[in-house]
Structure formats: structure tokens, C-alpha cells
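Since the structure comes first, as C-alpha cells, the remarks are kept for the end.
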Amino acid sequence: MHNIKDIRDNFDKFKNIIKSRNTNIDFDQLIELDIKNRKLIHEKETLEKEKKEISKKNDKSLFDRSKKISEKIINISKDQNLIKSKLDLLLSSIPNIALEDVPIGDDESSNKEVLKSGTINKFDFKPKSHYELGEKLDMLDFELATKTTGSRFVFVKDKLALLERALANFMLDIHTIKNGYKEISPPLMANNLSMFGTGQLPKFENDQFEVKIDEKSGRKFLIPTAEVILTNMVREQIISSKDLPIRLVALTPCFRKEAGSYGKDTKGIIRQHQFYKVELVSIVENDKCIDELERMTNCATMILDKLKLPYRKVILSTGDMGFSAEKTYDIEVWLPSENKFREISSCSSCGTFQSRRMKARYKNKNNETEFVGTLNGSGLAVGRTLIAVLENYQNSDGSINIPDVLKPYMNNLEKISNI
RNA sequence: GGAGAGAUGGCUGAGCGGUUGAAAGCACCGGUCUUGAAAACCGGCAAAGGGGCAACUCUUUCCUGGGUUCGAAUCCCAGUCUCUCCGCCA
């Protein structure tokens, strides 16, 4: 969430910058509401001051006057609250501003590749897709999931279930032991305040699964990513700068409606309503965001390096970035069956955009209170890593070799086959 | 599910109708002292919002929302959350 003061002071500049973020914000209305709001605040405060003075004097002859003032204040407050909530709704629907080195563009075609790593395996046969391989092994079962649940769900069975678990454990070990992240096993549901804090609400409510506990309890949502719950751990807190940075990692299922992507990636497990992801979150002093983003992205690519999977790293363009991000690196892994790179991780710095929404602050060296910087990144999406291993490590007979680093996690199994 | 207790500043914790935005301690920042550090002493230190170029100033805020009152952290009502005991249970 942006500071209305900043918008007011740099109105034209701000308006232009937001244009590149693919949104339609009624800036005229925003300014109008801001002016009305401040006018009402001023009126209210003038009356409040008078009332306060009367109360201090403790003079009975003035008590009637005070009563009248109270009525006026109530009326003005009502108007002001209405205006303020309209203003807040508008304000909370404005996306973050991109950093200067982010390419400007409407969509993914403007993304900029910054790194390519690993060698692409040349197959002397036509490589199969992960779902062909998985179904042939009888270890990915879509029909069964359709029966028990519905589309965009899957059963992962037998050695592939083990492989999935091995991947998750391997990632967690790297991030906790090598990269200094603290492991968290969080709630998989978040309340509406948390969802607002990281930016899923109010704008993206349609993508979320809402869960009802009972009539009385507040709104709850299945987390679309652990980012929501990990980042909100510091909501409404003032942290001492010596406790920063905070680096957290969690393995959780993620739940997404994938509204608006009907017909996209319908085959396989690329796009599911439920998937495992290892998520990294950093809470840092707000001037450290850029460095932390590089660090976090390296932590994510480290996993692919160790798995010996070829990948590339791209900076997302302004039109392709998420709502809360100021800069995002996508890491894309090579999928032989599609003959292209597909997203496997997304690492974003949100600057102070989320912390303003969450009121998450810290005391800086001068003992001043400032908003923290927040970052999040996948390290990595487990389901998609499973795809990448299947496709890149496949043999012509449909069996799958196990990457060396995973063997200790799989009882030293060398190969997955259905024999 | 039954019965109680509680929610105050970054933290701990006093206050229970009127100079209380709030004692005290801790933490933190600045200074004196010290070769340096520690200790000791002195001073500072809540947040949000409005106005002002600024110094500064005004308003609000003691869980949330209502109410009583000229006046509420303090009294009343409702809700949320936390803790303790009993029951049930993975």
C-alpha cells in the first residue's frame, strides 16, 4: 500500500509509473477523496479541540455547548469514515511501483533474461512429458483424483511420492543448513487481515479458497502460498534492528483456484489447485531489499544447480509482475517435452509495500521507526521440480534416474521404473 | 462443551471518573566519567493522522465496537483474543 502523501506530492509521476503496471486506477477520484477526507478531518479536529477545552474548564454553564459539539462531531465522523474507507479501498488496489531496472512492458514478452545455467541434455529419443512418464509408471493418477476430488488434482503414488518427499526434504535441508533460514511449520489457513497484508485481498479474492469454520468465526482462507502466513508473522510488530534480517523457510501445500486460466496447462501437474512449495521469506531493513533479493534468488538457484537441472533467470517486466512486487526474478527450468523453460520459482522484493499494509516496522540505528522490507521466493515449487526431474532424468524405456543429491533421501535408490 | 482470570507504550508492569499520553523497571539513543569498554550518573525515547518550508503545532489512540457522562484507560453492554481448571478428543 502506498502512502497517500507520496502520491499527493508526486501525482503526475506516480500516475505515469502505475500505468506500466497494467491497471486502471481512477486517480481523479483518489485525489478528490483525499481532499474531502482532509477537509472533514480538519472540521472534526477544530470541534474536538473546543470540546476538550470545555471539559478542562469544568464550568457547568458550558456543558450544553459541549453536548451540541459532540453531536456535530458524530455526524462529521460518519461522513469522514465513509470517505476514508472509499479512499482506503482505492489505495489498497494500487499495485507496487517497479524498481528502475525493471523492464517496462505489457506482458512476459518484455521479460529480460539475465542468466542461463546448466547443460541441456540431448536425448537420442523423443523425450516424453512428465504426465506420460508418470502415468506409464502408474505413479501419477489423474483419473483417481477426478473421482475423489475433481480436476486439477492428482494422486502421486509409490516411488514418485517418495521422490516428491525427497525433493522437499532436500530443499529444506539446504535452506536451513546452508542458507541460514529458520524452518517453520505454519497454519495452512490465514485470516482476512493476513490476506490483506500480503496483498491477496481485496483485489484477488476470486483466486482464493475460503473456508468456513462456523457462523461466528472470522473469515479464513487456505493459503495460496506460505508467503502469506510467514510474512504476516511480523504484522503489527516493531522489531529491533538487531533482530533483522529474519529469514524463514516453510514447506506447505498451496491452494489456488487458478481462476482465469481455464484451458491453460490442463494436462499434467503444472497447474494444480493444490501443490507443495518450499517458500523463502526475508524480513529486512528496508534499504537491504535489493541485496537480499539477489541472495534469495541465489538460494533458489542453488537447488537447481545441485539437482543439475538447466535453468535460466529472467527479470519480469512491469506488466508481468505480481501486485505487491517491486522487482521479481523468475527462475525457469528446462522441460525437454515442451522444448522450453518453465517457471519453477519466483523471487520478489516487495520493498515496504506489504509492511505498510501489515504495519510491520523496526527501529533503525537512529531509533526511528521505519517499515521493514519484505521478500519472498519459492525455493522451489516442489511439484514443478518433480516434473523437471522426471523429464530431464528420463531414459528411453520410461524409467527415471535419481539425481545424485537425492539418493540419500531415497534409500539410495538409483532408478525409478515399473519393473 | 462447563467454570473462572485477564488484554495498558519495543518488552515487563502500575493506574480503576478530571493537569494520566499514561508511574516504575528493562531495552534503545545521546552525554559525563574512563586509555578504551563496563559500571555509575545525567538527559532523551509510543504510534497514527491533520496543518506548516521549517522550528513547531493540533487531533486521535490504554484489545475491538457500542453506551453512560460536560469529561472514560478507569463505569455499563456486546464481541475478539489469551491464560487457568474440569470434561471430551488426534
Side-chain angles (χ1 to χ4, degrees), chain A residues 1-11 30-92 185-197 211-221 229 232-246 283-286 352-373:
Chain A
M1 184 129 93
H2 298 288
N3 189 345
I4 182 75
K5 268 188 198 166
D6 296 343
I7 300 180
R8 203 187 292 150
D9 294 345
N10 307 291
F11 185 63
L30 188 77
I31 283 301
E32 198 183 307
L33 288 169
D34 178 43
I35 291 169
K36 269 192 197 163
N37 181 45
R38 283 186 293 154
K39 185 174 160 260
L40 290 170
I41 287 172
H42 184 74
E43 283 176 27
K44 191 175 80 172
E45 288 188 353
T46 311
L47 290 168
E48 276 167 345
K49 197 185 170 191
E50 194 185 337
K51 190 179 160 184
K52 209 175 178 179
E53 275 160 9
I54 290 174
S55 156
K56 269 190 185 162
K57 279 181 190 153
N58 204 352
D59 175 351
K60 277 191 179 163
S61 67
L62 295 171
F63 288 176
D64 275 352
R65 169 80 189 142
S66 179
K67 273 192 170 177
K68 281 193 184 115
I69 293 174
S70 295
E71 279 170 36
K72 273 192 200 168
I73 291 176
I74 287 170
N75 283 328
I76 295 175
S77 293
K78 269 184 199 158
D79 292 349
Q80 194 253 329
N81 285 340
L82 196 73
I83 299 284
K84 182 70 169 36
S85 59
K86 278 187 191 167
L87 182 64
D88 282 344
L89 183 65
L90 205 55
L91 211 52
S92 60
S185 174
L188 302 180
M189 292 186 204
N191 61 25
N192 50 337
L193 276 177
S194 296
M195 295 290 278
F196 178 85
V211 176
K212 199 171 200 171
I213 293 184
D214 59 42
E215 296 300 331
K216 278 168 89 182
S217 60
R219 301 182 76 184
K220 307 247 185 305
F221 298 85
I229 208 95
N232 275 282
M233 283 168 70
V234 297
R235 172 153 54 85
E236 287 155 46
Q237 270 203 297
I238 301 183
I239 304 157
S240 170
S241 63
K242 68 170 187 285
D243 293 328
L244 297 176
I246 297 171
I283 312 293
V284 301
E285 293 173 90
N286 57 34
T352 59
F353 186 83
Q354 292 179 324
S355 60
R356 287 175 194 283
R357 296 170 85 95
M358 294 192 299
K359 297 187 177 60
R361 293 156 295 178
Y362 72 104
K363 294 272 189 192
N364 68 14
K365 290 163 211 81
N366 301 322
N367 217 25
E368 296 157 335
T369 310
E370 286 194 67
F371 288 105
V372 298

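Letters go in sequence order (proteins before strands), and every chain restarts at 1. Atom set for the values below is all heavy atoms of this structure, side chains included, hydrogens, waters and symmetry mates excluded.
- Across every strand in view, B/C41 sits in a pair with B/G31 that passes the Watson-Crick or G-U test at under 3.5 angstrom.
- Closest heavy-atom contact between A/V372 and A/S355: O-OG, 2.7 Å.
- On the P atoms, B/U69 is 16 Å away from B/U74, given to the nearest whole Å.
- Figure legend. B/G18 is base-paired to B/C70; pairs are counted as Watson-Crick or G-U wobble with both atom distances under 3.5 Å.
- At least one side-chain heavy atom of A/L30 sits less than 4.5 Å from a side-chain heavy atom of A/L87.
- Applying side chain to side chain contact (heavy atoms under 4.5 Å, CB included) to A/L91 and the options A/N3, A/I4, A/L33, A/D34 leaves one that passes, A/I4.
- Contact record, A/F371 with A/Y362: O-CE2, 3.4 Å, taken as the closest heavy-atom pair.
- Comparing the C1' positions of B/A47 and B/G43 gives a spacing of 23 Å, expressed to the nearest Å.
- Nucleotide B/G67 holds its P atom 14 Å from the CD1 atom of A/I73, rounded to whole Å.
- In this model, the phosphate group of B/G50 is approached by a side-chain N or O of A/R8 to a distance below 4.0 Å at OP1 or OP2.
- Contact annotation for A/K39: no contact, since no heavy-atom pair falls under 4.0 Å across all strands.
- Going from the C1' atom of B/U20 to that of B/U8 covers 12 Å, rounded to whole Å.
- Backbone-only contact: A/S66 has heavy atoms under 4.0 Å from sugar-phosphate atoms and none from a base.
- Within 4.0 Å (heavy atoms only), A/R219 reaches no atom of the nucleic acid at all.
- Closest heavy-atom contact between A/R235 and A/S194: NH2-OG, 2.9 Å.
- Across every strand in view, B/G4 sits in a pair with B/C83 that passes the Watson-Crick or G-U test at under 3.5 angstrom.
- Non-hydrogen atoms lying under 4.0 Å from RNA chain B are contributed by A/I41, A/E45, A/E48, A/K49, A/K51, all within residues 41-51 of chain A.
- The distance between atom NZ of A/K359 and atom P of B/A48, rounded to the nearest whole Å, is 10 Å.
- Summarising the base pairing, B/G36 is matched to no nucleotide, lacking a Watson-Crick or G-U wobble pair whose two defining distances lie under 3.5 Å.
- With a 3.5 Å ceiling on both atom-pair distances, the Watson-Crick or G-U wobble partner of B/A46 is B/U61.
- Rounded to the nearest Å, the gap between the C1' atom of B/G9 and that of B/G66 is 26 Å.
- Annotation: B/A38 and B/G31 have their P atoms spaced 12 Å apart (nearest Å).
- A/R235 places its CZ atom 13 Å from the C1' atom of B/C81, with the value rounded to the nearest Å.
- Between the side chains of A/S92 and A/R357, no donor N or O sits under 3.5 Å from an acceptor N or O.
- The same atom, C1', is picked in B/A5 and in B/U59; the two are 36 Å apart, to the nearest Å.
- Pairing partner, B/A24: B/U12, with both Watson-Crick or wobble hydrogen-bond distances short of 3.5 Å.
- Heavy atoms only, all atoms of each residue included: A/R65 and A/E50 are closest at NE-OE2, 2.7 Å.
- Atom P of B/C76 sits at a distance of 15 Å from the matching atom of B/U68, rounded to the whole Å.
- Nearest-nucleotide positions on RNA chain B for A/E368 and A/S240 put A/S240 closer to the 5' end.
- If you measure from atom CD of A/E370 to atom C1' of B/C29, you get 15 Å, rounded to the nearest angstrom.
- Within the nucleic acid shown, A/R361 comes within 4.0 Å of sugar-phosphate atoms alone, with no base atom in reach, counting heavy atoms only.
- Atom CD1 of A/I54 is separated from atom P of B/G18 by 20 Å (rounded to the nearest Å).
- Spacing between atom CD of A/Q237 and atom C1' of B/C63 amounts to 16 Å, rounded to whole angstrom units.
- Both A/K67 and A/F371 lie near RNA chain B, and the one whose nearest nucleotide falls closer to the 5' end is A/F371.
- For A/K359, the NZ atom counts as loosely surrounded, since its 6.0 Å shell holds 12 or fewer non-hydrogen atoms of other residues, nucleotides or ligands.
- A/I238 places its CD1 atom 13 Å from the P atom of B/U12, with the value rounded to the nearest Å.
- Across all their heavy atoms, A/N286 and A/E370 have their closest contact at ND2-OE1, 3.1 Å.
- In the set B/A27, B/G51, B/C70, the nucleotide with an atom closest to the side chain of A/K242 is B/A27.
- Counting to the nearest Å, the P atom of B/G50 and the CG atom of A/D34 are 8 Å from each other.
- If you take atom C1' in B/G25 and the same atom in B/G15, they sit 16 Å apart, rounded to whole Å.
- In this structure a side-chain-to-backbone donor-acceptor pair under 3.5 Å is missing from A/S55 to A/K51.
- Close to B/C70, at under 4.0 Å from its OP1 or OP2, lies no side-chain N or O of A/R65.
- Residue contacts shown for A/K52 are limited to sugar-phosphate atoms, with no base heavy atom under 4.0 Å away.
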